[in-house]
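Everything on this sheet refers to the single structure shown next.
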Protein chains: 2
Amino acid sequence: MPFTYAHARPALSTDCVVFGLDAEDLKILLIKRALEPFKGRWGLPGGLARVGESLEDTARRELAEETGLRQVFLEQLYTFSSPDRNPQEHVITAAYYALVNLSEHPVRASTDARGVAWFGLTEVPRLAFDHAKILELACERLRGKIRYQPIGFELLPRKFPVRELQRLYEKILGRALDKRNFRKKILNMGILQELAQTETDVAHRAARLYRFSKEKYDRMKKQGFNFEV
Amino acid sequence: MPFTYAHARPALSTDCVVFGLDAEDLKILLIKRALEPFKGRWGLPGGLARVGESLEDTARRELAEETGLRQVFLEQLYTFSSPDRNPQEHVITAAYYALVNLSEHPVRASTDARGVAWFGLTEVPRLAFDHAKILELACERLRGKIRYQPIGFELLPRKFPVRELQRLYEKILGRALDKRNFRKKILNMGILQELAQTETDVAHRAARLYRFSKEKYDRMKKQGFNFEV
DNA sequence: GGTTCTTAGTGTAGATTAGACACTAAGTAA
DNA sequence: TTACTTAGTGTCTAATCTACACTAAGAACC
(Lines give C-alpha, C1' and ligand atoms only; values in the text may rest on other atoms or scores of the structure.)
Protein backbone atom coordinates (compact mmCIF):
# COMPACT_ATOMS: atom_id res chain seq x y z
CA MET A 1 0.00 0.00 0.00
CA PRO A 2 2.10 2.91 -1.26
CA PHE A 3 1.80 6.50 -0.02
CA THR A 4 2.24 9.47 -2.28
CA TYR A 5 3.12 13.06 -1.42
CA ALA A 6 3.55 16.24 -3.44
CA HIS A 7 7.05 16.81 -2.06
CA ALA A 8 9.82 14.38 -1.20
CA ARG A 9 9.96 13.56 2.50
CA PRO A 10 12.96 12.37 4.46
CA ALA A 11 12.32 9.23 6.46
CA LEU A 12 12.02 9.72 10.20
CA SER A 13 13.14 7.32 12.89
CA THR A 14 13.99 7.17 16.56
CA ASP A 15 17.05 5.68 18.23
CA CYS A 16 17.48 5.10 21.89
CA VAL A 17 20.50 5.05 24.15
CA VAL A 18 19.54 2.85 27.08
CA PHE A 19 21.65 3.25 30.20
CA GLY A 20 21.59 0.65 32.92
CA LEU A 21 23.67 0.20 36.04
CA ASP A 22 24.71 -3.29 37.01
CA ALA A 23 27.05 -4.66 39.64
CA GLU A 24 30.13 -3.80 37.59
CA ASP A 25 29.47 -0.82 35.47
CA LEU A 26 27.25 1.69 33.77
CA LYS A 27 26.18 -0.08 30.62
CA ILE A 28 24.27 0.56 27.45
CA LEU A 29 21.98 -1.72 25.55
CA LEU A 30 22.74 -2.55 21.92
CA ILE A 31 21.12 -4.74 19.33
CA LYS A 32 22.74 -6.61 16.51
CA ARG A 33 21.37 -5.47 13.20
CA ALA A 34 19.62 -8.21 11.24
CA LEU A 35 19.19 -6.14 8.07
CA GLU A 36 21.19 -4.00 5.72
CA PRO A 37 22.66 -1.47 5.94
CA PHE A 38 25.26 -2.40 8.55
CA LYS A 39 23.88 -5.94 8.83
CA GLY A 40 25.62 -7.76 11.67
CA ARG A 41 26.94 -4.55 13.25
CA TRP A 42 25.76 -3.46 16.69
CA GLY A 43 23.55 -0.40 16.93
CA LEU A 44 21.04 1.46 19.04
CA PRO A 45 17.52 0.10 19.27
CA GLY A 46 15.11 2.14 17.20
CA GLY A 47 12.95 2.22 14.12
CA LEU A 48 10.78 4.21 11.79
CA ALA A 49 8.24 6.73 13.01
CA ARG A 50 4.65 6.13 12.09
CA VAL A 51 2.04 8.68 11.16
CA GLY A 52 -0.23 9.40 14.10
CA GLU A 53 2.32 8.37 16.69
CA SER A 54 4.48 10.75 18.69
CA LEU A 55 8.22 10.16 18.52
CA GLU A 56 8.29 9.22 22.17
CA ASP A 57 5.69 6.58 21.42
CA THR A 58 7.78 5.36 18.52
CA ALA A 59 10.79 5.07 20.77
CA ARG A 60 8.83 3.19 23.42
CA ARG A 61 7.27 0.87 20.88
CA GLU A 62 10.58 0.01 19.26
CA LEU A 63 12.24 -0.44 22.61
CA ALA A 64 9.55 -2.86 23.69
CA GLU A 65 9.64 -4.75 20.38
CA GLU A 66 13.38 -5.04 20.19
CA THR A 67 14.41 -5.40 23.80
CA GLY A 68 11.31 -6.09 25.85
CA LEU A 69 11.85 -2.98 27.96
CA ARG A 70 8.69 -1.14 28.97
CA GLN A 71 7.82 1.85 31.11
CA VAL A 72 11.31 3.19 31.36
CA PHE A 73 12.37 6.76 31.96
CA LEU A 74 12.77 8.31 28.52
CA GLU A 75 13.91 11.74 27.49
CA GLN A 76 14.61 13.33 24.15
CA LEU A 77 18.27 13.87 23.42
CA TYR A 78 18.73 15.46 20.03
CA THR A 79 17.53 15.09 16.46
CA PHE A 80 20.23 14.09 14.02
CA SER A 81 19.55 15.08 10.46
CA SER A 82 22.71 15.02 8.41
CA PRO A 83 21.73 13.86 4.91
CA ASP A 84 24.52 11.29 4.78
CA ARG A 85 24.01 9.65 8.13
CA ASN A 86 22.28 6.76 6.39
CA PRO A 87 23.92 5.52 3.19
CA GLN A 88 20.66 4.40 1.60
CA GLU A 89 18.51 7.46 1.88
CA HIS A 90 18.02 10.56 4.00
CA VAL A 91 16.79 9.32 7.38
CA ILE A 92 16.39 11.82 10.17
CA THR A 93 16.45 10.37 13.65
CA ALA A 94 15.19 11.70 16.92
CA ALA A 95 17.50 10.26 19.55
CA TYR A 96 16.24 9.50 23.04
CA TYR A 97 17.99 8.21 26.09
CA ALA A 98 16.52 5.90 28.65
CA LEU A 99 17.52 5.15 32.21
CA VAL A 100 16.56 1.75 33.55
CA ASN A 101 17.41 -0.18 36.62
CA LEU A 102 18.46 -3.63 35.68
CA SER A 103 17.10 -5.35 38.72
CA GLU A 104 13.55 -4.35 37.91
CA HIS A 105 13.69 -4.32 34.12
CA PRO A 106 15.27 -7.50 32.85
CA VAL A 107 15.87 -7.56 29.13
CA ARG A 108 13.42 -10.00 27.71
CA ALA A 109 14.49 -13.56 27.36
CA SER A 110 12.30 -14.11 24.32
CA THR A 111 14.70 -12.03 22.27
CA ASP A 112 17.43 -13.98 20.60
CA ALA A 113 20.12 -13.78 23.23
CA ARG A 114 22.80 -13.02 20.67
CA GLY A 115 20.78 -10.12 19.33
CA VAL A 116 20.58 -7.90 22.42
CA ALA A 117 23.35 -7.22 24.90
CA TRP A 118 24.64 -4.82 27.50
CA PHE A 119 28.04 -3.23 26.96
CA GLY A 120 30.18 -1.34 29.41
CA LEU A 121 30.87 2.18 28.23
CA THR A 122 34.51 1.34 27.63
CA GLU A 123 33.84 -1.80 25.61
CA VAL A 124 31.32 -0.60 23.06
CA PRO A 125 32.00 -2.14 19.65
CA ARG A 126 31.99 -0.23 16.37
CA LEU A 127 28.45 0.95 15.84
CA ALA A 128 26.19 1.29 12.83
CA PHE A 129 25.36 4.66 11.26
CA ASP A 130 26.30 7.66 13.39
CA HIS A 131 25.30 5.82 16.54
CA ALA A 132 28.69 6.38 18.12
CA LYS A 133 28.05 10.13 17.88
CA ILE A 134 24.62 9.71 19.40
CA LEU A 135 26.05 7.65 22.23
CA GLU A 136 28.71 10.23 22.91
CA LEU A 137 26.17 13.02 23.11
CA ALA A 138 24.04 10.92 25.44
CA CYS A 139 27.00 10.42 27.79
CA GLU A 140 27.75 14.11 27.71
CA ARG A 141 24.14 14.94 28.45
CA LEU A 142 24.12 12.55 31.38
CA ARG A 143 27.29 14.08 32.79
CA GLY A 144 25.90 17.56 32.31
CA LYS A 145 22.55 16.67 33.80
CA ILE A 146 23.98 15.17 36.95
CA ARG A 147 25.47 18.54 37.81
CA TYR A 148 22.19 20.33 38.19
CA GLN A 149 19.55 17.67 38.55
CA PRO A 150 19.24 14.62 40.75
CA ILE A 151 19.83 11.36 38.95
CA GLY A 152 19.52 7.88 40.32
CA PHE A 153 15.84 7.30 40.84
CA GLU A 154 15.60 5.77 37.41
CA LEU A 155 18.79 3.73 37.58
CA LEU A 156 18.84 2.31 41.08
CA PRO A 157 16.59 -0.22 42.76
CA ARG A 158 13.91 1.16 45.04
CA LYS A 159 15.99 0.62 48.15
CA PHE A 160 19.71 1.12 48.10
CA PRO A 161 22.64 2.08 50.33
CA VAL A 162 24.27 5.48 49.86
CA ARG A 163 27.31 3.67 48.55
CA GLU A 164 25.40 2.61 45.45
CA LEU A 165 24.31 6.14 44.66
CA GLN A 166 27.88 7.32 45.03
CA ARG A 167 29.07 4.53 42.77
CA LEU A 168 26.55 5.66 40.15
CA TYR A 169 27.78 9.24 40.37
CA GLU A 170 31.35 8.09 40.06
CA LYS A 171 30.56 5.99 37.01
CA ILE A 172 28.80 8.86 35.29
CA LEU A 173 31.36 11.49 36.19
CA GLY A 174 34.25 9.16 35.61
CA ARG A 175 36.10 10.08 38.78
CA ALA A 176 36.22 9.16 42.45
CA LEU A 177 34.27 11.21 44.97
CA ASP A 178 34.95 11.80 48.65
CA LYS A 179 32.66 9.62 50.73
CA ARG A 180 32.05 12.08 53.54
CA ASN A 181 31.42 15.03 51.30
CA PHE A 182 29.13 13.01 49.09
CA ARG A 183 27.04 11.80 52.00
CA LYS A 184 26.89 15.25 53.51
CA LYS A 185 25.72 16.83 50.30
CA ILE A 186 23.26 14.22 49.13
CA LEU A 187 21.70 13.74 52.55
CA ASN A 188 21.37 17.48 53.14
CA MET A 189 19.59 17.80 49.83
CA GLY A 190 16.69 15.96 51.36
CA ILE A 191 15.89 13.75 48.39
CA LEU A 192 16.75 10.59 50.29
CA GLN A 193 14.55 8.96 52.87
CA GLU A 194 16.23 6.87 55.50
CA LEU A 195 14.66 3.46 55.95
CA ALA A 196 14.70 1.26 59.02
CA GLN A 197 16.17 -1.59 56.98
CA THR A 198 19.75 -2.42 56.27
CA GLU A 199 21.36 -4.47 53.54
CA THR A 200 21.42 -8.25 53.76
CA ASP A 201 23.75 -10.86 52.33
CA VAL A 202 26.84 -8.75 52.39
CA ALA A 203 30.15 -9.98 53.72
CA HIS A 204 30.76 -6.90 55.84
CA ARG A 205 28.96 -4.42 57.99
CA ALA A 206 25.50 -3.90 56.49
CA ALA A 207 24.69 -0.39 55.33
CA ARG A 208 21.49 1.45 56.00
CA LEU A 209 19.05 1.51 53.07
CA TYR A 210 17.47 4.62 51.63
CA ARG A 211 14.89 5.40 49.04
CA PHE A 212 14.21 8.50 46.99
CA SER A 213 11.51 10.80 48.20
CA LYS A 214 9.61 11.19 44.94
CA GLU A 215 8.23 14.65 45.72
CA LYS A 216 11.54 16.16 46.75
CA TYR A 217 13.26 14.46 43.87
CA ASP A 218 10.86 15.87 41.31
CA ARG A 219 10.95 19.31 42.89
CA MET A 220 14.73 19.32 42.75
CA LYS A 221 14.57 18.16 39.18
CA LYS A 222 12.42 21.11 38.26
CA GLN A 223 14.21 23.82 40.13
CA GLY A 224 17.72 22.52 39.59
CA PHE A 225 20.68 22.89 41.91
CA ASN A 226 24.39 22.71 41.79
CA PHE A 227 26.16 19.55 42.60
CA GLU A 228 29.92 19.70 42.27
CA VAL A 229 30.85 17.22 45.02
CA MET B 1 5.99 15.62 -9.35
CA PRO B 2 4.69 13.21 -6.71
CA PHE B 3 6.82 11.02 -4.44
CA THR B 4 5.77 7.58 -3.37
CA TYR B 5 6.88 5.53 -0.37
CA ALA B 6 6.07 2.06 0.89
CA HIS B 7 5.03 3.41 4.32
CA ALA B 8 3.22 6.57 5.32
CA ARG B 9 5.60 9.31 6.46
CA PRO B 10 4.80 12.19 8.76
CA ALA B 11 5.75 15.57 7.34
CA LEU B 12 8.79 17.19 8.91
CA SER B 13 9.34 20.88 9.45
CA THR B 14 11.43 23.30 11.47
CA ASP B 15 10.31 26.27 13.52
CA CYS B 16 12.53 28.87 14.98
CA VAL B 17 12.26 31.05 18.07
CA VAL B 18 14.36 34.12 17.30
CA PHE B 19 15.43 36.16 20.31
CA GLY B 20 16.69 39.70 19.92
CA LEU B 21 17.52 42.38 22.44
CA ASP B 22 16.54 45.95 21.64
CA ALA B 23 16.60 49.14 23.66
CA GLU B 24 13.45 48.21 25.54
CA ASP B 25 13.18 44.51 25.87
CA LEU B 26 14.07 40.97 24.97
CA LYS B 27 11.93 40.30 21.92
CA ILE B 28 11.02 37.47 19.62
CA LEU B 29 10.41 37.53 15.92
CA LEU B 30 7.07 36.37 14.56
CA ILE B 31 5.55 36.16 11.13
CA LYS B 32 1.95 36.50 10.13
CA ARG B 33 0.74 33.38 8.43
CA ALA B 34 -0.41 33.91 4.85
CA LEU B 35 -1.83 30.41 4.41
CA GLU B 36 -4.18 28.01 6.12
CA PRO B 37 -4.18 26.59 8.68
CA PHE B 38 -4.18 29.50 11.12
CA LYS B 39 -4.14 32.00 8.26
CA GLY B 40 -3.69 35.53 9.65
CA ARG B 41 -2.43 34.27 13.01
CA TRP B 42 1.13 35.02 14.14
CA GLY B 43 3.56 32.15 14.34
CA LEU B 44 7.19 31.16 14.41
CA PRO B 45 9.15 31.33 11.18
CA GLY B 46 9.75 27.88 9.71
CA GLY B 47 8.88 25.49 6.96
CA LEU B 48 9.12 21.99 5.56
CA ALA B 49 12.32 19.99 5.62
CA ARG B 50 13.71 18.90 2.28
CA VAL B 51 15.40 15.65 1.46
CA GLY B 52 19.15 16.06 1.39
CA GLU B 53 19.13 19.06 3.71
CA SER B 54 19.96 18.96 7.41
CA LEU B 55 17.32 20.40 9.72
CA GLU B 56 19.64 23.19 10.72
CA ASP B 57 19.96 24.09 7.05
CA THR B 58 16.21 24.01 6.74
CA ALA B 59 15.88 26.36 9.66
CA ARG B 60 18.48 28.73 8.24
CA ARG B 61 16.93 28.67 4.80
CA GLU B 62 13.45 29.38 6.08
CA LEU B 63 14.71 32.08 8.36
CA ALA B 64 16.47 33.80 5.49
CA GLU B 65 13.47 33.45 3.19
CA GLU B 66 10.91 34.64 5.67
CA THR B 67 12.77 37.24 7.67
CA GLY B 68 16.00 38.03 5.84
CA LEU B 69 18.11 36.93 8.81
CA ARG B 70 21.35 35.15 7.94
CA GLN B 71 24.30 33.78 9.84
CA VAL B 72 22.70 33.87 13.22
CA PHE B 73 23.51 31.74 16.23
CA LEU B 74 21.21 28.74 16.01
CA GLU B 75 20.75 25.82 18.33
CA GLN B 76 18.35 22.91 18.41
CA LEU B 77 15.68 23.14 21.06
CA TYR B 78 13.40 20.14 20.91
CA THR B 79 11.45 18.09 18.42
CA PHE B 80 7.69 18.30 18.83
CA SER B 81 5.83 15.36 17.47
CA SER B 82 2.34 15.17 18.89
CA PRO B 83 0.07 13.82 16.14
CA ASP B 84 -2.50 16.55 16.70
CA ARG B 85 -0.21 19.56 16.74
CA ASN B 86 -1.24 20.32 13.17
CA PRO B 87 -4.95 19.98 12.39
CA GLN B 88 -4.38 19.04 8.75
CA GLU B 89 -1.95 16.19 9.00
CA HIS B 90 0.79 14.82 11.23
CA VAL B 91 3.64 17.31 11.01
CA ILE B 92 6.64 16.80 13.25
CA THR B 93 8.70 19.89 13.86
CA ALA B 94 12.27 20.32 15.00
CA ALA B 95 12.30 23.57 16.94
CA TYR B 96 15.41 25.74 17.00
CA TYR B 97 16.16 28.94 18.77
CA ALA B 98 18.27 31.76 17.44
CA LEU B 99 20.00 34.62 19.18
CA VAL B 100 20.58 37.75 17.13
CA ASN B 101 21.72 41.22 17.90
CA LEU B 102 19.37 43.66 16.36
CA SER B 103 21.95 46.33 15.64
CA GLU B 104 23.86 44.07 13.27
CA HIS B 105 21.02 41.97 11.88
CA PRO B 106 18.18 44.18 10.74
CA VAL B 107 15.10 42.32 9.65
CA ARG B 108 14.90 42.73 5.93
CA ALA B 109 12.92 45.62 4.59
CA SER B 110 11.94 43.70 1.49
CA THR B 111 9.55 41.65 3.57
CA ASP B 112 6.08 43.02 3.80
CA ALA B 113 6.34 45.09 6.94
CA ARG B 114 3.05 43.82 8.26
CA GLY B 115 4.23 40.24 7.85
CA VAL B 116 7.22 40.20 10.20
CA ALA B 117 7.47 41.85 13.60
CA TRP B 118 9.26 41.80 16.92
CA PHE B 119 7.21 41.24 20.05
CA GLY B 120 8.21 41.75 23.65
CA LEU B 121 7.92 38.55 25.65
CA THR B 122 4.97 39.91 27.57
CA GLU B 123 3.03 41.05 24.53
CA VAL B 124 3.11 37.95 22.36
CA PRO B 125 -0.25 37.45 20.62
CA ARG B 126 -2.07 34.13 20.35
CA LEU B 127 0.10 31.90 18.22
CA ALA B 128 -0.59 29.30 15.55
CA PHE B 129 -0.23 25.56 16.20
CA ASP B 130 1.61 24.69 19.41
CA HIS B 131 3.99 27.59 18.93
CA ALA B 132 3.18 29.01 22.35
CA LYS B 133 4.48 25.79 23.86
CA ILE B 134 7.61 25.96 21.75
CA LEU B 135 8.18 29.56 22.77
CA GLU B 136 7.77 28.69 26.42
CA LEU B 137 10.30 25.90 26.20
CA ALA B 138 12.72 28.23 24.42
CA CYS B 139 12.44 30.78 27.23
CA GLU B 140 12.98 28.08 29.80
CA ARG B 141 16.01 26.81 27.95
CA LEU B 142 17.46 30.29 27.77
CA ARG B 143 16.94 30.80 31.50
CA GLY B 144 18.47 27.43 32.20
CA LYS B 145 21.39 27.99 29.91
CA ILE B 146 22.35 31.33 31.37
CA ARG B 147 23.03 29.62 34.68
CA TYR B 148 25.86 27.50 33.43
CA GLN B 149 27.01 29.02 30.18
CA PRO B 150 27.90 32.54 29.13
CA ILE B 151 25.26 34.24 27.03
CA GLY B 152 25.44 37.61 25.41
CA PHE B 153 27.95 37.31 22.64
CA GLU B 154 25.17 36.52 20.22
CA LEU B 155 22.70 39.09 21.48
CA LEU B 156 24.79 42.18 22.13
CA PRO B 157 26.68 44.45 19.74
CA ARG B 158 30.41 43.87 19.46
CA LYS B 159 31.20 46.62 21.95
CA PHE B 160 28.99 47.28 24.91
CA PRO B 161 29.06 48.60 28.46
CA VAL B 162 28.69 46.16 31.36
CA ARG B 163 25.32 47.72 32.05
CA GLU B 164 23.94 46.27 28.82
CA LEU B 165 25.08 42.77 29.67
CA GLN B 166 23.48 43.08 33.07
CA ARG B 167 20.29 44.32 31.47
CA LEU B 168 20.29 41.26 29.22
CA TYR B 169 20.73 38.95 32.19
CA GLU B 170 17.95 40.68 34.03
CA LYS B 171 15.61 40.38 31.07
CA ILE B 172 16.30 36.68 30.69
CA LEU B 173 16.14 35.90 34.38
CA GLY B 174 13.22 38.21 34.95
CA ARG B 175 14.64 39.79 38.10
CA ALA B 176 16.96 42.59 39.15
CA LEU B 177 20.60 41.84 39.87
CA ASP B 178 23.02 43.66 42.14
CA LYS B 179 25.32 45.88 40.10
CA ARG B 180 28.45 45.36 42.13
CA ASN B 181 28.08 41.63 42.43
CA PHE B 182 27.30 41.28 38.77
CA ARG B 183 30.37 43.27 37.72
CA LYS B 184 32.58 41.38 40.13
CA LYS B 185 31.44 38.02 38.89
CA ILE B 186 31.35 38.69 35.18
CA LEU B 187 34.68 40.53 35.15
CA ASN B 188 36.41 37.87 37.24
CA MET B 189 35.21 35.26 34.80
CA GLY B 190 37.58 36.71 32.27
CA ILE B 191 35.29 36.52 29.28
CA LEU B 192 35.18 40.31 28.91
CA GLN B 193 37.97 42.36 27.43
CA GLU B 194 38.21 45.94 28.56
CA LEU B 195 38.52 48.42 25.69
CA ALA B 196 40.08 51.85 25.72
CA GLN B 197 36.85 53.34 24.39
CA THR B 198 33.85 54.62 26.28
CA GLU B 199 30.27 55.13 25.21
CA THR B 200 29.29 58.20 23.24
CA ASP B 201 26.04 60.09 22.89
CA VAL B 202 24.77 59.35 26.35
CA ALA B 203 23.30 62.02 28.58
CA HIS B 204 25.35 60.99 31.59
CA ARG B 205 28.78 59.76 32.51
CA ALA B 206 30.00 57.51 29.70
CA ALA B 207 30.69 53.92 30.59
CA ARG B 208 33.73 51.94 29.54
CA LEU B 209 33.12 49.58 26.64
CA TYR B 210 33.96 45.88 26.63
CA ARG B 211 33.93 43.09 24.15
CA PHE B 212 33.77 39.35 24.56
CA SER B 213 37.00 37.46 24.38
CA LYS B 214 35.95 34.79 21.90
CA GLU B 215 38.38 32.13 23.12
CA LYS B 216 37.52 32.48 26.79
CA TYR B 217 33.87 32.70 25.94
CA ASP B 218 33.91 29.47 23.95
CA ARG B 219 36.00 27.72 26.56
CA MET B 220 33.54 28.72 29.27
CA LYS B 221 30.71 27.56 27.08
CA LYS B 222 32.24 24.13 26.79
CA GLN B 223 33.28 23.57 30.37
CA GLY B 224 30.33 25.32 31.95
CA PHE B 225 30.27 27.18 35.24
CA ASN B 226 27.82 28.29 37.81
CA PHE B 227 26.34 31.72 37.65
CA GLU B 228 23.82 32.47 40.35
CA VAL B 229 24.46 36.19 40.79
C1' DG C 1 29.52 78.99 35.55
C1' DG C 2 27.15 76.68 38.73
C1' DT C 3 23.55 73.51 39.84
C1' DT C 4 21.12 69.39 38.99
C1' DC C 5 20.58 65.02 37.21
C1' DT C 6 21.93 60.53 35.81
C1' DT C 7 24.69 56.67 35.59
C1' DA C 8 29.67 54.80 36.39
C1' DG C 9 32.42 52.67 39.29
C1' DT C 10 34.17 50.83 43.63
C1' DG C 11 34.92 47.56 48.76
C1' DT C 12 33.83 45.20 52.89
C1' DA C 13 32.09 42.32 56.46
C1' DG C 14 29.37 38.31 57.65
C1' DA C 15 27.37 34.06 56.25
C1' DT C 16 27.51 30.13 53.66
C1' DT C 17 29.56 26.61 51.13
C1' DA C 18 33.33 23.63 49.28
C1' DG C 19 37.15 20.64 49.90
C1' DA C 20 40.59 18.09 52.14
C1' DC C 21 41.32 14.75 55.28
C1' DA C 22 41.45 9.83 59.15
C1' DC C 23 39.65 7.24 62.52
C1' DT C 24 36.28 4.09 65.11
C1' DA C 25 32.25 0.87 64.67
C1' DA C 26 30.01 -3.11 63.04
C1' DG C 27 29.63 -7.16 61.01
C1' DT C 28 31.51 -11.54 58.34
C1' DA C 29 34.83 -15.08 57.51
C1' DA C 30 38.39 -17.88 58.64
C1' DT D 1 39.97 -14.48 68.49
C1' DT D 2 41.78 -12.44 64.77
C1' DA D 3 41.73 -10.42 60.38
C1' DC D 4 39.20 -8.27 56.92
C1' DT D 5 35.86 -5.23 54.82
C1' DT D 6 32.82 -1.55 54.56
C1' DA D 7 29.80 1.85 57.40
C1' DG D 8 29.57 5.95 59.33
C1' DT D 9 31.06 10.31 61.29
C1' DG D 10 33.37 15.95 62.11
C1' DT D 11 36.47 19.76 61.69
C1' DC D 12 39.22 23.23 59.89
C1' DT D 13 40.51 26.25 56.02
C1' DA D 14 39.75 28.50 51.95
C1' DA D 15 36.66 30.22 48.74
C1' DT D 16 32.48 32.13 47.47
C1' DC D 17 28.01 34.49 48.09
C1' DT D 18 25.25 38.23 49.65
C1' DA D 19 23.80 42.48 51.10
C1' DC D 20 24.70 47.01 51.09
C1' DA D 21 25.99 52.97 50.00
C1' DC D 22 28.82 56.31 48.62
C1' DT D 23 31.87 59.28 45.41
C1' DA D 24 33.12 60.38 40.46
C1' DA D 25 32.19 61.84 35.94
C1' DG D 26 29.90 63.87 32.49
C1' DA D 27 25.60 66.13 30.26
C1' DA D 28 21.81 69.28 30.51
C1' DC D 29 19.75 73.08 32.05
C1' DC D 30 19.43 77.52 34.00
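The analysis underlying the following values was restricted to heavy atoms, covering all of them including side chains, and did not include hydrogens, waters or symmetry mates. On a predicted model such as this, the values are computed, not experimentally measured, just so you know. Per chain, numbering begins at 1; letters A, B, ... match sequence-line order.
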(message) Donor-acceptor pair, distance only, cut-off 3.5 Å: does the side chain of A:Q166 make one with the backbone of A:L177?
(response) yes

(request) Using heavy atoms and a sub-4.0 Å distance, could you list which residues of residues 189-199 of chain A are near DNA chain D? By number, please. (result) none

(message) Taking only side-chain N and O atoms of A:R208, does any of them lie within less than 4.0 angstrom of OP1 or OP2 on D:dA7?
(response) no

(message) Using a 3.5 Å distance criterion without hydrogens, assess whether the side chain of A:S81 forms a donor-acceptor pair with backbone atoms of A:I92.
(response) no

(message) For the backbone of B:G46 and the side chain of B:E66, can you confirm whether one donor and one acceptor N or O come within less than 3.5 Å of each other?
(response) yes

(request) Can you tell me which residue pairs pass the salt bridge (Lys or Arg N to Asp or Glu O under 4.0 Å) test with a partner in residues 196-208 of chain A, sequence neighbours excluded? (result) A:R163-A:E199, A:E194-A:R208

(request) Could you pull out all residues at least two apart from A:F212 that satisfy ring-ring contact (aromatic ring centres under 6.0 Å, His included)? (result) A:F153, A:F160, A:Y217

(request) Quickly work out the B:R183 CZ to D:dC20 C1' distance and round it to whole Å. (result) 16 Å

(message) Within the 4.0 Å limit for protein heavy atoms, which parts of nucleotides 22-30 of chain D are touched? Write it as a string from 5' to 3', B for base, S for sugar-phosphate only, - for none.
(response) --BBSSS--

(message) Please report the distance, rounded to the nearest Å, between CG in A:D201 and C1' in C:dG27.
(response) 13 Å

(request) Run the salt-bridge test on B:D218 and B:K214 with the 4.0 Å N-O cut-off and return the result as yes or no. (result) yes

(request) Kindly compute the distance separating CZ (A:F227) from CZ (A:F182), expressed to the nearest 0.5 Å. (result) 5.0 Å

(message) Going by the rule ring-ring contact (aromatic ring centres under 6.0 Å, His included), which residues pair with B:F129 if we only count those two or more places apart in sequence or in a different chain?
(response) B:F38, B:H131

(request) Could you tell me the separation between the CG atom of B:N226 and the P atom of D:dT16, rounded to a whole number of Å? (result) 12 Å

(request) Mind calculating the distance between CZ (A:F182) and P (C:dA18) to the nearest angstrom? (result) 14 Å

(message) Taking A:R167 first and then A:E170, would you say they form a salt bridge - that is, a charged N and a carboxylate O separated by under 4.0 Å?
(response) no

(message) If we count only N and O atoms by modelled type, under 3.5 Å, do the side chains of B:T79 and A:T79 hold a donor and an acceptor together?
(response) yes

(message) Measuring from atom CG of B:L187 to atom CE of B:M189, what distance do you get when rounded to the nearest 0.5 angstrom?
(response) 9.5 Å

(message) Among residues 157-165 of chain A, which ones have heavy-atom contacts with DNA chain C below 4.0 Å?
(response) none

Could you list the protein-to-nucleotides 10-15 of chain D atom pairs, N/O on both sides, closer than 3.5 Å?
residue	atom	partner	partner atom	Å
D:dT11	O4	A:K184	NZ	3.1

(request) To the nearest Å, give me how far apart CG (A:L209) and C1' (D:dA7) are. (result) 12 Å

(message) By the salt bridge (Lys or Arg N to Asp or Glu O under 4.0 Å) test, which pairs, at least two apart or in different chains, include something from residues 150-159 of chain A?
(response) A:E154-A:K221

(message) Let me test you: for the helix from C:dG1-D:dC30 to C:dA30-D:dT1, what is the angle between the axes at its two ends (five pairs each), rounded to 10 degrees?
(response) 10°

(request) Decide, yes or no, whether a salt bridge links A:R60 with A:E56 under the criterion of side-chain N to carboxylate O below 4.0 Å. (result) yes

(message) Tell me the interatomic distance from B:L177, atom CG, to C:dG9, atom P, rounded to whole angstroms.
(response) 17 Å

(message) Taking ring-ring contact (aromatic ring centres under 6.0 Å, His included) as the definition, give me every residue that meets it alongside B:F119, ordered by chain and number, with sequence neighbours left out.
(response) B:W42

(request) In whole angstrom, give the distance that lies between atom CG of B:L187 and atom C1' of C:dG9. (result) 11 Å

(message) Enumerate the salt bridge (Lys or Arg N to Asp or Glu O under 4.0 Å) contacts for residues 16-26 of chain A, please, sequence neighbours excluded, ordered by first and then second residue.
(response) A:D22-A:K27, A:E24-A:K27, A:D25-A:K171

(request) Could you list all the salt bridge (Lys or Arg N to Asp or Glu O under 4.0 Å) pairs where at least one residue sits in residues 118-141 of chain A, not counting sequence neighbours? (result) A:R85-A:D130

